[in-house]
Amino acid sequence: METVVSGIRSTGNLHLGNYFGAIRNFIKMQHEHRCFFFIADLHALTTHPKSDQFKQSVRNVLVEYLAAGIDPKACTIYIQSDVPEISELYLLMNMVAYVGELERCTSFKEKIRKHPDNINAGLLTYPVLMAADIIIHKASKVPVGKDQEQHLEMARNFANRFNHLYGKEVFPEPYAYNFGEALVKVPGLDGSGKMGKSEGEGNAVFLNDSPEVIRKKVMKAVTDSGPSAPNQEKPEAIRNLFNLMELVSSKDTIEHFETQWDQCSIRYGDLKKQLAEDMVTFCAPLREKIAEIGANESYLNAVIEEGAAKARASARKTLDEVRAVIGFAR
Ligand code: ADP
Ligand code: TRP
């Protein structure tokens with residue numbers, strides 16, 4: 001049994017990218033390993049420092065975790081800010097993180113580009129907090145999507161540097177994990193890049209989207225004028241639609257449209273209709289559970305309390321060891 005940690009920022013509702021990149025693996029791992037899954041509300045502050053929706057967003061992610069099948073009896077589900085030990089470890093790990101490497105981080109550079117008016121130090125040290133999230137439980141496996149690979153590499157560097165500095169193997173090396181397969185990158189509907197909540201209207205399909213909204217978004221997805229010769233390579237926007245079908249559609253459906261593509265007889269309208277229906281079928285039961293669990297206030301509060309207690313007990317143990325290794329008096 002290994003220790004597993006992963007989290008998702010509470011900056012909005014969960015989408016299919018979050019589901020297939022991360023949550024699907026949380027569900028698969030929770031019965032086999034010692035798992036900690038949390039809601040990264042401190043990380044959310046780096047880009048959303050003040051939001052009327054702050055509390056609600058945290059709750060939404062919790063409800064969606066539970067609706068997706070993350071089981072608080074099988075693992076520990078908690079809110080990052082409920083575990084102050086993480087913040088203390090973050091401070092300590094900042095001493096072994098170099099400004100140069102943080103400035104070179106791709107996600108930092110991207111955030112500077114997107115939020116030039118709020119380049120706060122929290123954004124720069126985002127990977128340090130993420131490392132603290134992981135190593136506070138001494139985790140070795142971190143189920144995440146492809147976009148998090150570099151953050152994991154940085155977490156390994158910080159953990160190793162700490163171990164070396166103090167001459168003790170306090171932290172194991174954490175690795176991004178997807179059952180031996182390549183890390184997942186779910187494309188968005190806008191023809192390029194990845195599905196993400198900050199990628200613009202219509203790019204992401206949310207687990208809680210209504211069938212009408214899903215249909216509308218998918219029908220608007222970017223395509224082109226179609227193949228001009230048999231057996232062509234697919235351009236990116238079309239490949240993205242096929243990649244999305246791989247997640248929610250049956251093998252027969254995919255084969256059907258692959259053949260049509262190869263024979264130049266494909267009609268994108270038909271493909272999108274089918275993709276939309278398959279997404280609706282996938283999301284509908286989740287949406288129902290989100291409504292049901294979201295209405296159960298006392299259950300949610302109990303999950304939050306129990307998760308915080310379990311996560312703090314684990315975090316405290318590591319932090320005590322870290323403090324002793326550094327040489328704090330008590
Ligand atoms: P967003 O990119 O929408 O802000 P987060 O950055 O909070 O979402 O991502 C939370 C988790 O979901 C991470 O493990 C991340 O790798 C995964 N994830 C997000 N978008 C995708 C995607 N398009 N494909 C694969 N995994 C994704
Ligand atoms: N950085 C991750 C993301 O944007 C979220 C995250 C924060 C995380 N802390 C983590 C993921 C620890 C895994 C482990 O998706």
Side-chain angles (χ1 to χ4, degrees), residues 3-27 29 35-48 57-58 60-61 64-65 68 70 76 78-81 83 86-87 89-90 93 105-108 110-111 114-115 122-123 125-156 158-159 174-178 181-190 192-201 203-207 240 243-244 246-247 311 315:
T3 299
V4 175
V5 168
S6 195
I8 296 186
R9 288 175 300 154
S10 55
T11 49
N13 291 74
L14 301 185
H15 50 72
L16 292 176
N18 298 134
Y19 185 88
F20 288 104
I23 291 181
R24 179 171 57 169
N25 289 346
F26 297 3
I27 298 161
M29 295 173 93
C35 289
F36 295 87
F37 300 124
F38 67 96
I39 300 151
D41 57 345
L42 297 173
H43 275 111
L45 288 179
T46 60
T47 49
H48 297 63
S57 298
V58 171
N60 287 348
V61 176
E64 290 174 2
Y65 271 3
I70 303 177
T76 303
Y78 60 100
I79 300 168
Q80 187 184 29
S81 64
V83 184
I86 296 169
S87 296
L89 182 59
Y90 159 66
M93 294 309 288
C105 177
T106 315
S107 67
F108 177 62
E110 202 170 294
K111 278 173 186 150
K114 277 193 192 155
H115 310 269
L123 267 187
T125 56
Y126 184 112
V128 187
L129 178 56
M130 179 159 164
D133 288 328
I134 296 165
I135 64 180
I136 193 87
H137 302 299
K138 300 198 176 192
S140 52
K141 285 187 159 63
V142 187
V144 284
K146 177 126 186 74
D147 58 320
Q148 297 301 311
E149 212 164 24
Q150 191 183 31
H151 286 154
L152 262 300
E153 189 187 333
M154 295 175 87
R156 282 194 293 281
F158 303 149
Y175 281 90
Y177 183 77
N178 182 23
E181 295 191 19
L183 299 180
V184 174
K185 179 179 166 190
V186 177
L189 291 171
D190 58 3
S192 66
K194 67 157 199 163
M195 185 173 287
K197 35 191 173 262
S198 50
E199 309 295 321
E201 209 31 46
N203 169 56
V205 171
F206 293 92
L207 304 184
N240 288 352
N243 286 344
L244 288 168
E246 295 278 347
L247 303 173

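For the single chain, residues carry numbers from 1 onward in sequence order. Order of listing sets the numbers, starting from 1, for every ligand and every atom in it.
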Q. Under a 4.0 Å N-O cut-off, is there an ion pair linking R156 with E153?
A. no
Q. D41 side chain to S81 main-chain N or O, any donor-acceptor pair under 3.5 Å?
A. yes
Q: State the CD1-CG distance between I8 and L14, to the nearest 0.5 angstrom.
A: 5.0 Å
Q: Could you tell me the separation between the NE2 atom of H137 and the SG atom of C35, rounded to the nearest 0.5 Å?
A: 11.0 Å
Q: Just jot down the ligand 1 atoms closer than 4.0 angstrom to any heavy atom of G21, in number order.
A: 25 (C), 26 (N)
Please list every donor-acceptor pair under 3.5 Å in which a side-chain atom of residues 129-136 meets a protein atom from a residue at least two apart or in another chain.
residue, atom, partner, partner atom, Å
D133, OD1, Q80, NE2, 2.9
D133, OD2, Q80, NE2, 3.2

**Q.** Heavy atom of the protein closest to atom 2 (O) of ligand 1 (residue, atom name, distance)
**A.** K194 NZ, 2.9 Å
Q | Shortest protein heavy-atom distance from atom 16 (O) of ligand 1, along with the residue and atom involved | A | D147 OD1, 2.5 Å
Q. To which protein heavy atom is atom 25 (C) of ligand 1 closest, and what is the distance rounded to 0.1 Å?
A. V184 O, 3.2 Å
Q) Would you call the rings of F37 and F26 parallel, tilted or perpendicular if under 30° counts as parallel and over 60° as perpendicular? A) parallel
Q. Rounded to the nearest 0.5 Å, how far does CG of N243 lie from CG of N240?
A. 6.0 Å
Q. Got the closest protein heavy atom to atom 24 (N) of ligand 1, with its distance?
A. V186 N, 2.7 Å
Q | Proximal candidate to atom 3 (O) of ligand 1 [heavy atom criterion; set H151, Q148, H15] | A | H15
Q. Starting from atom 4 (O) of ligand 1, which protein heavy atom do you reach first, and at what distance in Å?
A. R9 NH2, 2.7 Å
Exercise answer, ligand 2 polar atom pairs (N/O) under 3.5 angstrom:
residue, atom, partner, partner atom, Å
ligand 2, 1 (N), Y126, OH, 2.7
ligand 2, 1 (N), Q148, OE1, 3.0
ligand 2, 4 (O), R9, NE, 3.4
ligand 2, 4 (O), Y126, OH, 2.9
ligand 2, 4 (O), Q148, NE2, 3.4
ligand 2, 9 (N), D133, OD2, 2.7
ligand 2, 15 (O), Q148, NE2, 3.2

Q: Specify the protein heavy atom at minimum distance from atom 12 (O) of ligand 1: its residue, its atom name, and the distance to 0.1 Å.
A: N18 ND2, 3.0 Å
**Q.** G145: numbered ligand 1 atoms lying under 4.0 Å from its heavy atoms
**A.** 14 (O), 15 (C), 16 (O), 26 (N)
Q) Below 4.5 Å, heavy atoms only, C-beta onward: do L244 and M195 meet side chain to side chain? A) yes
**Q.** Contact check, side chains of L123 and F108, non-hydrogen atoms, under 4.5 Å
**A.** yes
Q.
Using a 4.0 Å cut-off to any heavy atom of K185, which atoms of ligand 1 qualify?
A. 24 (N), 25 (C)
(Q) Side chains of F206 and E64, heavy atoms from C-beta outward: is any pair under 4.5 Å? (A) no
Q: Measure the distance from atom 27 (C) of ligand 1 to every protein heavy atom, then report the residue, atom name and distance (to 0.1 Å) of the closest one.
A: G17 O, 3.3 Å
(Q) Between Y177 and S6, is there a side-chain donor-acceptor contact under 3.5 Å, judged purely by atom types and distance? (A) no
Q. Any idea which atoms of ligand 1 are less than 4.0 Å away from a heavy-atom of G196?
A. 3 (O)
**Q.** Atoms in ligand 1 with a heavy atom of M195 nearer than 4.0 Å
**A.** 20 (N), 21 (C), 22 (C), 23 (N)
(Q) Ignoring hydrogens, what is the shortest heavy-atom contact between V83 and A315? Give both atom names and the distance. (A) CG1-CB, 3.7 Å
